[in-house]
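Below is one structure, written out as C-alpha cells; comments come after it.
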Amino acid sequence: MKFLPLGNEPVPLNSDPWLAPFREKLRERSRRAVATVKRLTGGKSTLAEFASGHEYFGLHFRDGEWVFREWAPNAVRITLFGDFSDWRKLPEYRLNRLEHGVWELRLPAETVRHGMHYLLFMEWPGGSGDRIPAYARCVDQDKETGLFAATVWRPEQPYGFRHASPPAPAAPLIYESHVGMAQEEPKVGSFDEYREKILPKIAASGYNTIQLMAVMGHPYYGSFGYHVANFFAIASRFGTPDEFKALVDAAHGCGLRVIIDLVHSHAVKNEVEGLAKFDGTRYAYFHEGSRGEHSGWDSLCFNYAKPEVLHFLLSNCRFYLDEYRVDGFRFDGVTSMMYLHHGLGKTFTGYDDYFGGDVDEDALTYLALANRVIHEVRPDALTVAEDVSGMPGLAAPASGGGIGFDCRMAMGVTDMWFKLFDLPDQDWNMFYLFHELTNRRRDERSISYVESHDQAIVGGKTAIFRLADAAMYDAMHAGSQNLAVDRAIALHKMIRLATAAAAGHGYLNFMGNEFGHPEWIDFPREGNGWSLQHARRQWSLADEPGLRYHFLRDFDRAMLEVLNRNPEFFRRRVQTVRIDDCGKVLIFERDDCYFCFNFHLENSYFDYGFEVLPGEFETVLDSDAPEFGGFSRRAPEQRYWSRQGQSGAFITLYLPSRTALVLKRI
C-alpha cells in the first residue's frame, strides 16, 4: 500500500506519537514476520509458492492416477475407504508413511470416480477413528443418517469461468449476505437460487462488493458458519463447488466483487468431521491444554507457531483465490486471535494492552503472513479485519510494523448508535455522535456500518426494531399514522446517511437491513423446534407499494448513488461545518457535498445559516421527500446560492425536524 498525500488516505504508522514507546515492539513484529517467512520457505521460494499445500495434500488426479496425501504425525496406520471399497477398510488402501508425518496413497485411475464418498480410518497408539481428510475439497452430509463424508469432485466438464473480476473499487460498498437465509421461503437457500434471485437485487442497489458468510464447511447450520470443520470445502448444504463458482462468476458479470468470511480464529470441536484429535492428538493443529480451548465459543484455538499449521492456513487463503476466484476476505474474530484472553471480559484502555504479555505474537505473525500471501497472489484483493480491541497497525503495511490488512471494521460506530438508541432523542449529543463517526486512526483504512448480522441475531434487536419496536407489526402500511414508526423511518434514513457519508474508506450493510427487515435471525435449533421461520429474508415486503419498507430501500439506493457519483469521494476528508448540540443539528462537508442533519424531535429551522464555499448548490438528496416516505416539507430539487457575509460565504435553508439534506456545489 502506498501512502498518498490526498485527503483521507492513511499516513505512515510511525506518525502516531503515542506509539513512540512501542516502536521497538513494532520493529520486532516486522522482524518476526520476515524470519518466519525465511524459516518456512528456506529462502528458496516465495511465500505464495509455499502456500500451495492444497495442491500437494488431499486427493488429486495426477499423470493418469489418483494421489492422496495427508499430514498426521501421530498416526501409526491410515486406511482410505469409501464407495470404491464398499466401505470396507481393506489393506490395499492403506497409506504409506513418508517423511515428517506425511502419508501417501496412489491408486489407478479407474478406482475412484466423480461423486464417490470416502473417509480415512486413522489409527494411533491406543485408539482409532474415522476422519474426514483435512484438505478435502468437497464434504457432503447424508440426508438419512446425518453423517458427513468427503466427496470426490472431478466432473467430466470442469466449470469454466466466463467473467473476470471487476476492477477494485475506490471504496468497497459491502453487502453482507448469507446464502442459506437469503431466500423468502422458510428453507435453506442454495447457491443457484442466490445467483438467480438475489444477485439482481444487489446489482441494482448500488453496492459493489458482496461479503458472503458461511461459505466454509460447517456441520451445524445454526453456527452461522463460524464453527468451521472443513476449511477447504464449501458448505455443501448450499450446493456444489461448481454452483458456488457459477455464483462468483455471475457476480463478476454483474460488476460485483465477492469476498468471503474467513474463519481462522478457531475451529469446531467435532472429531469425525473436523480437525479435533485428527491423528489422536489434540495438538496436531491446536494448542494443548487450556490455551487450545476457547471457552466463550466452545471451540479450539490454532497453534500459529507450528509450520504445518501455517502451511494449512496460508494455503487455505490461497485456495479460495485460486479455486473460486474470490476477491478477498473478511477475517472473522481477529481480536480472539491476537490475545491469549481472546478479548473476553477485557476492556482496552491504553496502548500497553496492545503490546503486553497477553498478546499472541504468533497469531499476529500469521495475520501478517496471510495478508502477504493474499496480496502476492492477488494484489487487488481486499482484506478486512474484524477487531474490537483497536490494535494499532492492524490495517497498516507490514513494512512499517503493521499487519497489512487493507481495512478494519469501524466497530465503534455501531456501538455508538446502539448506545444512543437507549437514550431519548433530546439526549443525543451531536459532538459525541460526530466524534464517533469520524474517530479512526489516520494510518489505517476503515469500513463503517450501522449494523451487521451481529445485531440481528435472536436475543438482540436490529436498528429498526430498536427504534419502532412492536409498532413494526401493525403500522408499516402506507396509510398508517404512528409516531413510533414515523420516528423510526426518519431516523433509519438519517443514521445510515450519516454513517455512510462520514465513513473512512467504505461502508457495509447486512442484507435486508437497508429496507428495515422486520424480524430477527434465528437459525433452526432445538429451542425453536428446528424452525426456519426466522432464517430467511422477506424481500416481498420491500416490493409491496402498500407497505413502507420500499421507502427505506429506495432511500438506500439514492444514498449510494450520491456516494458513487465521484469515485474519489471516500478519499476526501470529512470537514466539520456546524455542530449545534442545543439545536441537534450536524452539518459536515465532503467532496463538495454538504450533509445537513436535524436530529431534533420537533424543532424545524427556517433560514438556518452556515458557512460554505462560494457558489451554487443543488439538492441531491432529501430524506423528507415523498418518494422516501417523508412529509415533503421542502420544495423538491431546490437550489441555493451563497451570499457573502462578514466571515465568508454562507447559505440559509429550511431544515425540518428529523430530516437529512445533501447539497452539492455545482
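Atoms considered below: every heavy atom in the structure, side chains included; atoms not considered: hydrogens, waters and symmetry mates.
- R441 places no side-chain N or O within donor-acceptor distance of the main-chain N or O of P392, the cut-off being under 3.5 Å.
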* Go through the steps for T209 and Y175 under the test side chain to side chain donor-acceptor pair (under 3.5 Å), then give the verdict. => CA-CA 6 Å; T209 304; Y175 200 81; over 6 Å; no

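- Remark: the backbone N or O of A182 is paired with a side-chain donor or acceptor of W539 at under 3.5 angstrom.
- Distance alone, capped at 3.5 Å, places no donor-acceptor pair between the K493 side chain and the F555 backbone.
- We find that R257 and D380 are joined by a salt bridge, their nearest charged nitrogen and carboxylate oxygen being less than 4.0 Å apart.
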* salt bridge (charged side-chain N to carboxylate O under 4.0 Å, His left out) evaluation trace for D581 with K584 -> CA-CA 5 Å; D581 188 51; K584 302 306 174 190; 3.2 Å; yes

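- Taking a cutoff of 4.0 Å between a charged side-chain nitrogen and a carboxylate oxygen, R408 and E444 qualify as a salt bridge.
- The closest side-chain heavy-atom distance from V562 to F569 is not below 4.5 Å.
- E176 and N509 form no side-chain donor-acceptor contact under 3.5 Å, judged by distance and modelled atom types alone.
- The main-chain N or O of M391 is found under 3.5 Å from a side-chain atom of D387 such that the two form a donor-acceptor pair.
- The aromatic rings of Y354 and F348 lie parallel to each other, their planes meeting at an angle below 30°, with 60° marking the opposite boundary.
- A salt bridge does not link D591 to R571: none of the charged nitrogens lies less than 4.0 Å from a carboxylate oxygen.
- Two residues are said to be in side-chain contact when any heavy atoms from C-beta on lie closer than 4.5 Å; Y594 and V662 fail this criterion.
- Classification of the W428-F421 ring pair by plane angle, with boundaries at 30° and 60°, yields tilted.
- Side chains of Y549 and D554: no donor on one and acceptor on the other come within 3.5 Å.
- A salt bridge links E376 with R372; the closest basic N to acidic carboxylate O contact falls under 4.0 Å.
- In this structure, the separation between CG on N303 and NE2 on H287 is 4.0 Å, given to the nearest 0.5 Å.
- R195 has no carboxylate O lying under 4.0 Å from a charged side-chain N of D249, or vice versa, which leaves the two without a salt bridge.
- The backbone N or O of L173 lies less than 3.5 Å from a partner atom in the side chain of N208, making a donor-acceptor pair.
- Neither side chain, N513 nor H453, offers a donor N or O lying under 3.5 Å from an acceptor on the other.
- Within the 3.5 Å criterion, the main-chain N or O of A48 finds a donor-acceptor partner in the side chain of R318.
- A salt bridge links E293 with K269: at least one charged nitrogen is closer than 4.0 Å to a carboxylate oxygen.
- A salt bridge links D360 and R291; the closest N-O separation between the charged side-chain nitrogens and carboxylate oxygens is under 4.0 Å.
- Judged by distance alone, the side chain of R525 and the main-chain N or O of D522 form no donor-acceptor pair under 3.5 Å.
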* Kindly determine whether Y507 and T499 satisfy side chain to side chain contact (heavy atoms under 4.5 Å, CB included), including the steps that lead there. => CA-CA 8 Å; Y507 174 72; T499 302; 4.1 Å; yes

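- Using a distance-only test at 3.5 Å, with no hydrogens or angles considered, no donor-acceptor pair links the side chain of Q538 to the main chain of H517.
- Side-chain contact annotation: H264 with Y366, donor-acceptor N/O pair under 3.5 Å present.
- Y194 and Q183 are not linked by any side-chain donor-acceptor pair at a separation below 3.5 angstrom, with hydrogens and angles left out of the test.
- For the pair K245 and Y324, the cation-pi test (distance below 6.0 Å, angle within 45°) is passed.
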* To do: Let me see the working for N230 and H218 under side chain to side chain donor-acceptor pair (under 3.5 Å), right down to the final yes or no.
  => CA-CA 7 Å; N230 315 115; H218 53 289; over 6 Å; no

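- Looking at D261 and Y226, their side chains do bring a donor and an acceptor atom within 3.5 Å of each other.
- Residues K419 and D422 are not paired through a salt bridge, judged by the lack of any N-O separation under 4.0 Å between the basic side chain and the carboxylate.
- Counting only distance, with no hydrogens or angles, the side chain of S389 and the backbone of T335 share no donor-acceptor pair below 3.5 Å.
- For an aromatic pair to be called close, the ring centres must be under 6.0 Å apart, and Y320 with H54 fails this.
- Between F238 and F244, the gap from one ring centroid to the other reaches at least 6.0 Å.
- In this structure, the ring of H266 has its center less than 6.0 angstrom from the ring center of H227.
- Between S336 and the options H294, E386, H341, a side chain to side chain donor-acceptor pair (under 3.5 Å) holds for only H294.
- Counted by atom type alone, D454 and Y449 present zero donor-acceptor pairs between their side chains at under 3.5 Å.
- You'll find the side chain of S177 stays beyond 4.5 Å of the side chain of M213, heavy atoms only.
- Two residues are said to be in side-chain contact when any heavy atoms from C-beta on lie closer than 4.5 Å; I464 and L552 meet this criterion.
- The main-chain N or O of F231 is found under 3.5 Å from a side-chain atom of N316 such that the two form a donor-acceptor pair.
- Heavy-atom neighbours of E28 CD from other residues, nucleotides or ligands within 6.0 Å: above the threshold of 12.
- Contact check on E451 versus K461 returns no salt bridge, with no Lys/Arg side-chain nitrogen under 4.0 Å from an Asp/Glu carboxylate oxygen.
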